[in-house]
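The block underneath contains the structure these notes are about, expressed in structure tokens.
Order of the sequence lines sets the chain letters (A, B, ...), proteins ahead of strands, with each chain counted from 1. All values below were derived from every heavy atom in this structure, side-chain atoms included, with hydrogens, water molecules and symmetry-related copies excluded.
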There are 2 protein chains.
Amino acid sequence: MSKCEQCIVREFSSLKALTKEELLKLSDCKTSHIIKKGEVIFEEGENVNGIFCIKDGICKLTKLSANGKDHIVKLVTKGELLGQRSMISDEPVNLSAVALEDMHVCFIPKADVMGYFDKNNQFSMNVMKTICGDLKEADDHMVNLAQKTVKERLAETLLYLHDTFGKNEDESLKVQLSRDELASIIGTATESCIRLLSDFKKSGLIELTGKKIVLKDSNALKKLAD
Amino acid sequence: MSKCEQCIVREFSSLKALTKEELLKLSDCKTSHIIKKGEVIFEEGENVNGIFCIKDGICKLTKLSANGKDHIVKLVTKGELLGQRSMISDEPVNLSAVALEDMHVCFIPKADVMGYFDKNNQFSMNVMKTICGDLKEADDHMVNLAQKTVKERLAETLLYLHDTFGKNEDESLKVQLSRDELASIIGTATESCIRLLSDFKKSGLIELTGKKIVLKDSNALKKLAD
DNA sequence: ATTAAAACATGACATTTATCATATTAAAGA
DNA sequence: TCTTTAATATGATAAATGTCATGTTTTAAT
């Protein structure tokens with residue numbers, strides 16, 4: 001079992017507040033898991049009873065809408081925690097988590113997390129601040145969905161993916177999403193998404209090579225995104 | 001100065017966790033305010049440095065979008081607290097709060113709230129659960145905005161207003177919103193909102209008398225809302 | 001390597017929604 | 001009360017977006 005006190009990603013999550021002793025204890029109660037691309041970490045409605053710490057990889061958090069289509073609420077990557085909201089609310093998770101690439105995650109049982117939560121004030125404060133950040137982000141997202149056009153949302157999302165997850169050596173976006181997934185982030189039909197990507201390509205804003213997307217003119221995209 | 005320990009709405013907020021002594025101390029540090037309909041409680045970007053406890057009335061939380069239109073993110077009513085997220089994040093508020101009717105609110109300075117927050121575990125847990133609830137609600141809202149039609153969202157919103165804020169003796173919805181405000185909850189143009197309301201009226205789903213809205217066929221509305 | 005399935009792409013068209021113009025009504029001030 | 005302004009309403013039209021059909025390309029499985 002790998003040791004939490006030596007784990008680099010710990011530094012990027014709320015867990016950074018834990019003491020040496022707490023980290024040692026954490027190493028014993030956590031379980032380590034390899035998740036393959038496309039596999040489900042947990043599903044909407046499930047009782048997770050703990051949180052996941054992402055050591056490596058990216059996953060999407062989705063919610064099934066009334067019309068049967070999945071909507072991608074958020075992308076989460078290494079260093080972040082999953083399932084905090086549901087743990088605190090003491091409710092089933094309201095979102096599903098699915099790996100977008102191979103992942104390495106650690107599961108920490110609820111009882112243990114709640115122990116640190118009660119005893120380590122800085123830790124609970126960190127968790128709370130993260131959730132508050134998520135809420136603010138959700139508010140922003142909501143307003144965008146309500147007020148911006150699909151084109152604006154696509155431009156904004158491409159920039160977001162670039163700025164948040166970076167690019168490969170060939171300049172293409174690191175997160176590789178299917179057109180369908182991209183559409184379900186911006187909240188539109190897959191065909192509309194594909195069409196707009198083609199338009200962006202024709203206008204020289206982006207370059208498309210299979211699933212790979214390269215941003216050629218970020219400034220123009222920024223203007224489009226408003 | 002009225003006494004917090006005798007305030008009924010306290011029972012409905014996170015403050016219910018406070019002890020008798022804490023409530024006595026609270027009475028001394030809080031300030032009481034009457035806010036007239038249409039007045040601003042705080043504005044996006046402001047440093048509020050405390051939280052508001054709503055003793056009476058309803059207000060809207062809005063966010064200005066890039067195109068200059070306000071979007072109503074949430075309605076908040078008596079018994080609820082305002083400004084928790086910003087207090088915990090230690091950031092300016094990301095939403096504006098405007099009274100939809102005459103209100104009575106109490107302001108509690110940040111330093112005092114944080115005092116209870118640190119010492120009273122149940123209180124901080126309550127606040128956290130509220131924020132988690134808001135986040136879950138925001139996720140739901142997001143998916144609705146992304147996937148449902150304007151008609152579905154209008155039907156859903158009318159039902160929400162009915163179920164959450166109730167009705168007057170004449171059966172009309174208690175919260176009286178302008179067409180413009182209703183439109184900025186569901187995320188559409190004012191004209192579209194007005195048109196759909198007229199349609200609903202013609203179909204016998206609702207009754208319109210000036211600003212007053214009466215739900216005549218909730219079941220049909222539920223079907224429409226999906 | 002071949003085949004089947006899934007993802008991507010694009011045209012044609014229908015539907016939804018926004019915008020602009022213009023009445024009408026209601027509310028607020030002088 | 002009168003007058004002015006804001007809110008509501010509706011038509012006409014344009015623009016945005018969704019849906020269906022169909023073909024192509026890519027991916028995955030045998």
Side-chain angles (χ1 to χ4, degrees), chain A residues 36-39 60 65-72 98 100-102 144-157 172-173 176-203 206-213 224-226, chain B residues 36-39 65-71 100-101 144-157 172-173 176-203 206-213 224-226:
Chain A
K36 288 255 175 67
K37 175 176 175 173
E39 281 181 2
K60 58 180 176 181
S65 79
N67 63 27
K69 283 207 284 183
D70 265 334
H71 181 80
I72 296 182
V98 179
L100 287 176
E101 44 185 59
D102 292 354
N144 281 344
L145 284 168
Q147 309 270 6
K148 288 192 176 176
T149 65
V150 175
K151 188 186 279 188
E152 289 168 338
R153 268 144 48 202
L154 175 58
E156 187 177 42
T157 301
S172 67
L173 296 182
Q176 275 199 20
L177 300 167
S178 69
R179 303 293 190 259
D180 191 58
E181 286 169 330
L182 195 49
S184 91
I185 290 180
I186 66 183
T188 190
T190 309
E191 294 95 325
S192 299
C193 175
I194 289 175
R195 234 179 280 273
L196 284 172
L197 281 175
S198 297
D199 289 353
F200 282 7
K201 183 185 178 178
K202 274 173 204 147
S203 316
I206 62 174
E207 210 166 68
L208 297 172
T209 319
K211 260 193 181 51
K212 286 183 183 302
I213 300 177
L224 261 185
D226 243 355
Chain B
K36 288 256 174 64
K37 176 177 174 171
E39 281 180 0
S65 78
N67 64 28
K69 283 207 285 184
D70 265 334
H71 181 80
L100 288 176
E101 45 184 58
N144 282 344
L145 284 167
Q147 309 271 2
K148 288 193 177 176
T149 65
V150 174
K151 187 186 277 186
E152 289 169 338
R153 267 140 53 198
L154 175 58
E156 186 177 41
T157 301
S172 66
L173 295 181
Q176 275 199 19
L177 300 168
S178 68
R179 303 293 190 258
D180 192 58
E181 286 169 329
L182 195 49
S184 91
I185 291 180
I186 66 183
T188 191
T190 310
E191 295 96 323
S192 300
C193 176
I194 289 174
R195 233 180 281 275
L196 283 172
L197 281 175
S198 297
D199 290 353
F200 282 6
K201 182 184 179 181
K202 273 174 205 146
S203 317
I206 62 174
E207 211 166 66
L208 297 172
T209 319
K211 260 195 183 47
K212 285 184 184 300
I213 300 177
L224 261 186
D226 243 356

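Heavy atoms only, all atoms of each residue included: A:Gly38 and A:Val98 are closest at O-CG1, 3.5 Å. Annotation for A:Gln176 and A:Glu181: closest pair O-OE1, 4.4 Å, computed over non-hydrogen atoms.
Counted within 6.0 Å of NZ on A:Lys69, heavy atoms from surrounding residues, nucleotides or ligands total more than 12; the atom is thus considered enclosed.
Per the geometry, CG belonging to B:Asp180 stands 8 Å off P belonging to D:dT8, to the nearest Å. Residue A:Glu191 contributes atom CD, which lies 13 Å from atom P of C:dT10 at whole-angstrom precision. Between the CD atom of B:Glu152 and the C1' atom of C:dT15 there is a distance of 13 Å, rounded to whole Å. Rounded to whole angstrom, the span from the CG atom of A:Leu208 across to the P atom of D:dT25 amounts to 16 Å. Atom CG in B:Leu154 sits roughly 12 Å away from atom P in C:dA18 (whole-Å rounding). Regarding A:Leu197, its CG atom lies at a distance of 13 Å from the C1' atom of C:dA7, rounded to whole Å. For the pair B:Asp199 CG and D:dT8 C1', the interatomic distance rounds to 15 Å; values are reported in whole Å. Rounded to whole Å, atom C1' of C:dC20 lies 14 Å from atom CD1 of B:Ile194.
B:Ser198 has a side-chain polar atom (N or O) that falls below the 4.0 Å cut-off from OP1 or OP2 of D:dT10. The phosphate of D:dA7 (OP1 or OP2) has no side-chain N or O of B:Ser178 nearer than 4.0 angstrom. The shortest distance between the side-chain N/O atoms of A:Ser192 and the OP1/OP2 oxygens of D:dA16 is not below 4.0 Å.
Side-chain N/O atoms of A:Arg179 and base N/O atoms of D:dT25 include no donor-acceptor pair closer than 3.5 Å. For A:Arg195 against D:dG18, no side-chain N or O and base N or O form a donor-acceptor pair under 3.5 Å.
Residue whose closest nucleotide on DNA chain C sits further toward the 5' end, between A:Ala146 and A:Lys202: A:Lys202. Between A:Leu196 and A:Lys211, the residue whose closest nucleotide on DNA chain D is further toward the 5' end is A:Leu196.
A 4.5 Å side-chain heavy-atom check between B:Leu197 and B:Leu182 finds at least one atom pair inside the cut-off.
A donor-acceptor pair shorter than 3.5 Å cannot be found between the side chains of A:Asp180 and A:Ser178.
Nucleic acid contact class of A:Thr149 (heavy atoms, under 4.0 Å, all strands): sugar-phosphate only. Residue contacts for A:Thr188: at a heavy-atom cut-off of 4.0 Å it reaches the sugar-phosphate backbone alone, with no base atom in range.
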